[in-house]
Participant: 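The structure is given below, and queries will be raised subsequently.
We name chains A, B, ... by the order of the sequence lines, and we start the count at 1 in each one.
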Amino acid sequence: MVVDLKSLRTDVWVDWCPGCGNFGILNATQRAIVELGIEPNKIVIVSGIGCSGKTPHFINVNGVHTLHGRAIPFATGIKIANPELTVIVHGGDGDLLGIGAGHFVALGRRNLDITVVMHNNGVYGLTKGQASPTLFRGEQTKALPKPNIQDAVNPIALALASGYTFVARTYSLNIKHYVETLKMAIQHKGSAFIDVLQPCVVYNDIYTKDFFKERIYVLEEDGWDPVVEPGTPMETIEEKINNAIQKSLEWGDKIPIGIFYMNKAVPEFGERLNTLIDNYTLIPPAKQPIAREDGKPIITNQDFRELFSRYIIRRR
Amino acid sequence: MVVDLKSLRTDVWVDWCPGCGNFGILNATQRAIVELGIEPNKIVIVSGIGCSGKTPHFINVNGVHTLHGRAIPFATGIKIANPELTVIVHGGDGDLLGIGAGHFVALGRRNLDITVVMHNNGVYGLTKGQASPTLFRGEQTKALPKPNIQDAVNPIALALASGYTFVARTYSLNIKHYVETLKMAIQHKGSAFIDVLQPCVVYNDIYTKDFFKERIYVLEEDGWDPVVEPGTPMETIEEKINNAIQKSLEWGDKIPIGIFYMNKAVPEFGERLNTLIDNYTLIPPAKQPIAREDGKPIITNQDFRELFSRYIIRRR
Amino acid sequence: MEELELMIGGPQGSGLDTTGQILTSSLAYIGYGVISDREYYSNITGKHSYIHMKVSPTRVPYDLSYPVKLLTAIDAETLYHHYNDLDENGYIALDSRGLNTTLDRIVTIESYTKKLIGEDLNNRIGSTKLEDIVQYLEDDLSVTAILLDYKLILDRLVDKFGVAASLASRYLSSIPMGVISGLMDIPPEAIEYGVRRRFYGREKIIEHNVYLINTISEEIKSQYGTPLKLPEPKLDMDEVMVVSGNDIVAMGKVVGGLRFQSYYPITPAADESFFIEANQNLGGDKGGIVVFQTEDELAAIAAAIGASLTGVRTATATSGPGFSLMVEALGWAGNSEVPVVITYYQRGGPATGLPTRGGQSDLLFTMFASHGEFPRVVLTSGDHEEAFEDSIIAFNLAEKYQVPVIHLLDKYLANSIATIKVPDLDVYRIDRGLIHRGDGDYVRFDTTKIVSPRAFLGDKAIIWYTGNEHTEEGHNTEDPILREKMYRKRMEKLKLILEETPKKYMYRYYGAEDPEYILLGWGFVKHTCISAVKSLEREGYRGGYLHIKMFTPYPEKDVANILRKVDPNKIIAVENNIMLQAGMATTLYTGIKIRRGVKKYTGRPIYLHELREAVIDLLSNEGKEEVILTYGS
Amino acid sequence: MEELELMIGGPQGSGLDTTGQILTSSLAYIGYGVISDREYYSNITGKHSYIHMKVSPTRVPYDLSYPVKLLTAIDAETLYHHYNDLDENGYIALDSRGLNTTLDRIVTIESYTKKLIGEDLNNRIGSTKLEDIVQYLEDDLSVTAILLDYKLILDRLVDKFGVAASLASRYLSSIPMGVISGLMDIPPEAIEYGVRRRFYGREKIIEHNVYLINTISEEIKSQYGTPLKLPEPKLDMDEVMVVSGNDIVAMGKVVGGLRFQSYYPITPAADESFFIEANQNLGGDKGGIVVFQTEDELAAIAAAIGASLTGVRTATATSGPGFSLMVEALGWAGNSEVPVVITYYQRGGPATGLPTRGGQSDLLFTMFASHGEFPRVVLTSGDHEEAFEDSIIAFNLAEKYQVPVIHLLDKYLANSIATIKVPDLDVYRIDRGLIHRGDGDYVRFDTTKIVSPRAFLGDKAIIWYTGNEHTEEGHNTEDPILREKMYRKRMEKLKLILEETPKKYMYRYYGAEDPEYILLGWGFVKHTCISAVKSLEREGYRGGYLHIKMFTPYPEKDVANILRKVDPNKIIAVENNIMLQAGMATTLYTGIKIRRGVKKYTGRPIYLHELREAVIDLLSNEGKEEVILTYGS
Ligand SMILES: Cc1ncc(C[n+]2csc(CCOP(=O)(O)OP(=O)(O)O)c2C)c(N)n1
Ligand SMILES: Cc1ncc(C[n+]2csc(CCOP(=O)(O)OP(=O)(O)O)c2C)c(N)n1
Ligand code: SF4
Ligand code: SF4
Ligand SMILES: [Mg+2]
Ligand SMILES: [Mg+2]
């Protein structure tokens, strides 16, 4: 199947506000898929609820638009059951770091091969502009009656503390950078997190295009080495994590985008499952037959007796 | 009221297993309360579900034994409604960092003046020994049929990434250290987190008393300065956070206990609320009358008309 | 013309909300009764939205109906959605520049809707061109089409006030207001009053809007006269409130003593919390209300319960998805006898469903939500007045019986703006139930009483709470005898509530004392049902409407007595759901099987015209069990 | 003696679980039918726990009852809990060293329980000294007290096998087994068989246990004979399975094609997941089952749904608190037509309730859980055989109708061990429903069918799912007409399920064809009800037991037909809850008001002796509405 940009569009009208940063994310995601050449039926985009959550309807690959905050666990089930699928999560900052923060942390602990793309717009877009967990304390975006009194969570630091093995930031209007970052994240074998700075033209009048234009710079252009190869000594790894966290605190006149950290040495969750389950990698759940031709269970009476012999007692 | 250790005991039989690290936590918590001289009716111990969750029943101060994972939000409501109370959360590692991780992160963002004491035993005690979020990958404690395949979360790093302004670790069998740490945490004006290493004699045969005895050392004795005073420049703060995170990665032959980080410069949540609500600090919700003597609402017809004048229209 | 129904349509983000508020204020100022429903997509900018308004000189006309007499369109898309909604001799106003638009050029309409519209237009008119539709309306329905050049009109602002051309479009919604004002003969000072209220203090904006509306109004009058002018208002209110359901509930809660509201944003509940936050300061020495945005709904309910334990009247407000997450903690509150109010605005389900549309499909869920058995109150409101009163009563019930109270409302109420009487607060009392203030031998869960006195955390007594079964002190227990006692103690509250609560908070009956049929309903269907019964009376059907307000505990004896007046086959449930949930609840408690119903679950409200027809249909066809309604765009 | 009831009590952590398993295996090996219930506190070490076992030579005796013939105590506390449970001429075995214990010295008993016991003992015996209680039992009930010096017995291990004195106490539970074995005359090889099974491969432990049990047994026999020897077994099974409810459900799920189970640990559900994990490898080319411990139940259900979308049979297992957290996602599954099985083990509610005790108080909750309306199946099982079958059927229903299936069980079943037939798998079929395999013009939610063919994520077709209302493709829609169509399509599945599902999966009726009264129940009350009916028959009450298995959709016509055989006043619901939830569900769907019931909500099972009495009481007292049962420690 030839996958081109056009064939990745759907008939659904893209109902984001004109000028919304999500358009950049949408286009760049489609582009990355084309460039990677993955077949649309082998990709699943899983989203939460919010403006960001609508993304899958606009891309002509499998889409699962789930519940607010639950995209990661839905995606987790999909990926574990059928590891041959490329699974990408699109979520809002509220979705992933507010109501979904527990799952966000849990995914890091598994290093399951999923890419999490966070639409970071500093607000709850679809519910009309309340503060999201990435809005700093004291800031008052357009729809807020009063300045925000909660501190912002630092997505990069949180991802690192949670164990993500690929942690990056990109900007929704830097299509090229987004495409490259997403491609690397997808190709990375493990839990990948991308913090995408995404202007919300309707509700976020602080983090606007103009704001970002002046401040964003690319880490890679800066002699930055975030990669941990297998065999790297523990101290070096710790140092790289620390550097990444330190970098993540940089938010002012200069805002870095790029890969903050990438560790290739941590076993992916499927590999771990494969140590427990015979042939998990070869015949994962989605590839296992459960019935015979005649409709009887694949487990025969004999299989049953073998499997559960410990529970069967033959009378003396 | 004279508060002594004896008066802080209840009639309830302490049903932890003989030798459980929780006994140390219980005794030391009572001791800290005595030493601080807080009146029992002005303290509330809020717990989740687990062996750890039973703590409040054994201490003769107010106790709220909530739901699995929800101790922090219950405690949050209590503290905001009546800030004069000293609110201490006791939760398990599963309770706070597994099912409750989202709330754990959220509390850090608020810097509400609550102390969170985590009974870190590496297992789900009360449900019979499954791996908790602090058990490392590859480890196989007694009740596990197979080695753990999820990575551990680093509680200290997570607390720091979430914004807690007091982050410490102590050991349940070092009563003195525990008492001092808890006292400082309670006295700290802001969200405080204490990671308490707690042997579970029944299910955790890796992190035993013997294991800890050889490894634990006290940070403070090491020329360690975790304190951020008001006015400290941003770089110094960042450096202290970074040092703390780096320290938190130390887990092997040596395991540090002590205060990892303490920032006195971040406004507490009550102060923040006070910027929005008239006299919040003086007359918080729990101190506000809502009815008059005759039972009528405190809001009179006239108050109502003033408050909501924007919605009332007098006919032309 | 006794009453007027009109509609304003346009894209989401074009200021329709503001338009509705201004117009309602202006009309209220003159003395009319108004209801204004707003329908919109789950979308921030671009999709079709509209206001459906009913204006009456004699009452607050809750019973929205079709057809409408006047349709004003901000964009071309509007007419595609509403060409069928117009009455004979009605009026439409639209932009003359859009007349050669065809349906296929409207990208913002969903493909399915577009297909249906296209088929209908092609069948009926043979064209989807706007011009042709207008022609058809003029020919077939004698509709008067008022075609205005919107751009030229807005240019006046540029010319006269130097408004930047790029900003002029913000005033688009003044055009329909001008048309309406003209046709209805709304005096300029009433318009100014409405605009001024809305844009309080922002003088430039006020000036521009007033200018635009009033000049258009003049032009319309001079060209079309004032064919939609209503008789002089005759309502006996000197003063009214112009409030949405969200607003009035918020006001009720403030009066009722709310001091801590936790919430997580969700449509259509969040506006209530914002309203409270905007009005959180009660005046110096009274202090203020904490409005607390949590990280999710699990935290929202937990925080509310926690706050309640300190003796504060607490609540949270949410909708279906949020309530689904509150279910576990609800049981904790029930078990620990905690007064807490959950204001629950239903929207279209299941799951995310129709997030910005209405529904009444969560009744049975709220009645049985959470594992285990514990007492609760499920209280529902049928209009703005009820909602205000119930918001206060909810706290009293919660505290008097130490139970969670679910105050169940719907999006129809939440988002419709009505002109209502300013309430007299002197009729209300704050009943805090039994409170223990000392220390001494106090136990929190004294089993010698069904409702044991409550002490507050932070007061003198030491208290324990637990989600487990507990002793009188509040410590965990598994003793079977104590368990049985404590369990029964809790459940017996339900009987007590039923005995002690005034009937008007449990149900209300409207209509004939000796009905031939009874409509049974709840929530926002109330006035539409009452109006249907009245109107059918004129056609010889003598009936009544039984409005159930409290579902847990359920007033089974009284309801059974009323329903037994008619054959069970003559009971018709009218609900915005498919299962007839109030009907089911009624069967459950009375044993009277309710088989027949009028159902609507498209997310739009039930309209009087379709309800009338449905009821007649059911009354004339004994064998028919249900009529499913689908009217409304 | 036809059947034997016995009890073993001791502190939590002293190996009672193992004892129950060994004894059941040994008895099964001889050929007896056994049921073994275990009662325990939410505590890891120290609180009182006991096994209540019934042994029969002719059947699997599900109907636990009191008094018991034999009580063996590992500790002194046991007798305080159970001195009232003994039959005349019964036997007790206890440690002679504890005889001068008094009640106040037992710190592990809750104060309330202690107070009740103290009062009763003082009234009855005037002393709480163990010695006096024993004396009383001997005098008043002609009980034989077997007093053994437990320490001396354990010392034999030290002497003979060199077991460290500190470890000898691990063998404590062999002492009651020895006593039981002696009194019942269980042959040594049967004991060895049981021990060997349990400690497979751990030869030392096997040797020590077998030695201890068999020597004690010999001594007991020589001193007391074998007064509790049962007749030769007559069950027609060559082979049995010894399984708990958790085990058998797990086996059913494995056979039924489960390949992904997500869970979060909770009593009494978690053992099912551990069982599956321990048996997850199905043999080389068949692959294996993923058992996935999630961070919470919100994730557990979400992951299960996600996995299901790839075409895998998925399930999660939980209890009340966990299910309460799954409610939102349940609606998503209903809306998106996802087959997923939720195995739900009820425990005592509400909230954390009685976490290790039983209950049946979540029925109505599961029937209406989640906001909005969508089809689901609520299926319940009454014994181990049903549970096995239902675990397979659940998947078939889920996939055939593309709905979430809640398989509702209770702790009584989960934790009781029974000896049952090895199932014959050839009678089962895997019905996966309609599946689409190609690509092309496929749409997931084809509205021309009630159940549209399902394609799997990762197969050829491109699919969308959403929690919103959706188009046939699976994109969000708010079109009212499409909404109505899609909504009705989903709900019509309920009718289809009712039409197509064999009746035996929906309800079963036991007893007289022309009953004078009917007991109505569900779940684990089944056999106790059947036995009560049988036993009352002998006393002249002709009755029947109606066992409801499926509550959603509800087989209303058939149930109504059966219930109409008797006066509604002669219908008695028997349930482990206070509301009579199955009774309410029945009223709801049939309109037959069920007013009377036998209720138990202490967390302990309903025992035959108390049920019999209660039914007689209700049948003899027309005016009485309920009997509340509280037997059991
Ligand atoms: C359980 C639940 N609570 C609340 C909502 C309402 N809701 C819809 S979108 C949203 C927030 C969206 O914010 P974010 O995740 O940042 O996404 P964005 O719209 O900014 O892309 C909320 C709270 C919901 N759908 N479900
Ligand atoms: C919603 C919910 N899920 C599961 C449980 C069962 N449960 C009780 S305690 C516990 C885990 C306890 O582990 P942890 O928090 O580490 O506390 P510990 O017992 O180790 O102190 C679980 C899963 C529950 N009570 N509620
Ligand atoms: S509200 Fe903001 S995030 Fe949402 S579509 Fe509009 S601009 Fe984009
Ligand atoms: S199980 Fe472990 S944590 Fe729980 S009481 Fe026993 S020793 Fe302590
Ligand atoms: Mg956002
Ligand atoms: Mg733990």
Participant: Could you check whether any side-chain heavy atom of Leu298(C) comes within less than 4.5 Å of a side-chain heavy atom of Pro73(B), counting everything from C-beta outward?
Facilitator: no
Participant: Working to the nearest 0.5 Å, report the span between CD1 of Ile313(B) and CG of Asp238(C).
Facilitator: 13.5 Å
Participant: Carefully, step by step, assess Phe260(C) and Ile80(B) under the rule side-chain contact (heavy atoms from CB on, under 4.5 Å).
Facilitator: CA-CA 9 Å; Phe260(C) 181 96; Ile80(B) 295 179; 3.7 Å; yes
Participant: Of the listed residues (Ile299(B), Val44(B), Asn62(B), Asn60(B)), which shares the most heavy-atom pairs with chain C below a 4.5 Å separation?
Facilitator: Asn62(B)
Participant: Report yes or no: does Lys42(B) contribute a side-chain atom to a donor-acceptor pair with the main-chain N or O of Gly458(C) at less than 3.5 Å?
Facilitator: yes
Participant: Do the non-hydrogen side-chain atoms of Ile289(C) and Ile277(B) ever get within less than 4.5 Å of each other?
Facilitator: no
Participant: Report which part of Phe269(B) has an atom under 4.5 Å of a heavy atom belonging to chain C: side chain, backbone, both, or neither.
Facilitator: side chain
Participant: Heavy-atom distances under 4.5 Å only: say whether Ile59(B) touches chain C with side chain, backbone, both or neither.
Facilitator: backbone
Participant: At a 4.5 Å cut-off on heavy atoms, which part of Leu276(B) comes close to chain C: side chain, backbone, both, or neither?
Facilitator: both
Participant: Taking Thr310(C)'s backbone N and O only, do any of them form a donor-acceptor pair with Asn82(B)'s side chain (distance below 3.5 Å, no angle check)?
Facilitator: no
Participant: Using modelled atom types only, decide if a donor and an acceptor are shared between the side chain of Arg70(B) and the backbone of Glu328(C) within a distance under 3.5 Å.
Facilitator: no
Participant: Would you mind checking if Glu239(C) and Arg315(B) are paired as a salt bridge, meaning a charged N to carboxylate O distance below 4.0 Å?
Facilitator: no
Participant: I need the minimum non-hydrogen distance between Pro285(B) and Arg259(C), along with the two atoms involved.
Facilitator: CG-O, 3.6 Å
Participant: At a heavy-atom separation under 4.5 Å, does Thr281(B) approach chain C through its side chain, its backbone, both, or neither?
Facilitator: neither
Participant: Just say parallel, tilted or perpendicular for the rings of Phe275(C) and Tyr311(B), cut-offs at 30° and 60°.
Facilitator: tilted
Participant: What's the verdict on salt bridge (Lys or Arg N to Asp or Glu O under 4.0 Å) for Lys286(C) and Asp278(B), showing C-alpha distance, side-chain angles and the deciding distance?
Facilitator: CA-CA 9 Å; Lys286(C) 290 206 193 67; Asp278(B) 295 349; over 6 Å; no
Participant: Checking Asn468(C) against His65(B): is there a side-chain donor and acceptor pair closer than 3.5 Å?
Facilitator: no
Participant: Does any heavy atom of chain C fall under 4.5 Å from the side chain of Asn279(B), the backbone, both, or neither of them?
Facilitator: side chain
Participant: Apply side chain to side chain donor-acceptor pair (under 3.5 Å) to Asn41(B) and Asp439(C), showing your working.
Facilitator: CA-CA 9 Å; Asn41(B) 58 331; Asp439(C) 48 1; over 6 Å; no
Participant: Sequence neighbours left out, what passes ring pair (Phe, Tyr, Trp, His ring centres under 6.0 Å) with Phe445(C)? Give chain and number order.
Facilitator: Tyr465(C), His470(C)
Participant: In terms of heavy-atom pairs under 4.5 Å, which option from Thr300(B), Thr76(B), Val61(B) contacts chain C the most?
Facilitator: Val61(B)
Participant: If you measure from the Lys or Arg side-chain nitrogens to the Asp or Glu carboxylate oxygens, is any gap between Arg110(B) and Glu295(C) under 4.0 Å?
Facilitator: yes
Participant: Between Gln280(C) and Tyr280(B), is the side-chain contact (heavy atoms from CB on, under 4.5 Å) condition met? List the steps.
Facilitator: CA-CA 11 Å; Gln280(C) 67 189 156; Tyr280(B) 166 77; over 6 Å; no
Participant: Which residues satisfy the side-chain hydrogen bond (donor to acceptor under 3.5 Å, both in side chains) test with Asn279(C), sequence neighbours excluded?
Facilitator: none
Participant: For Asp294(B), is it the side chain, the backbone, both, or neither that has a heavy atom closer than 4.5 Å to a heavy atom of chain C?
Facilitator: backbone
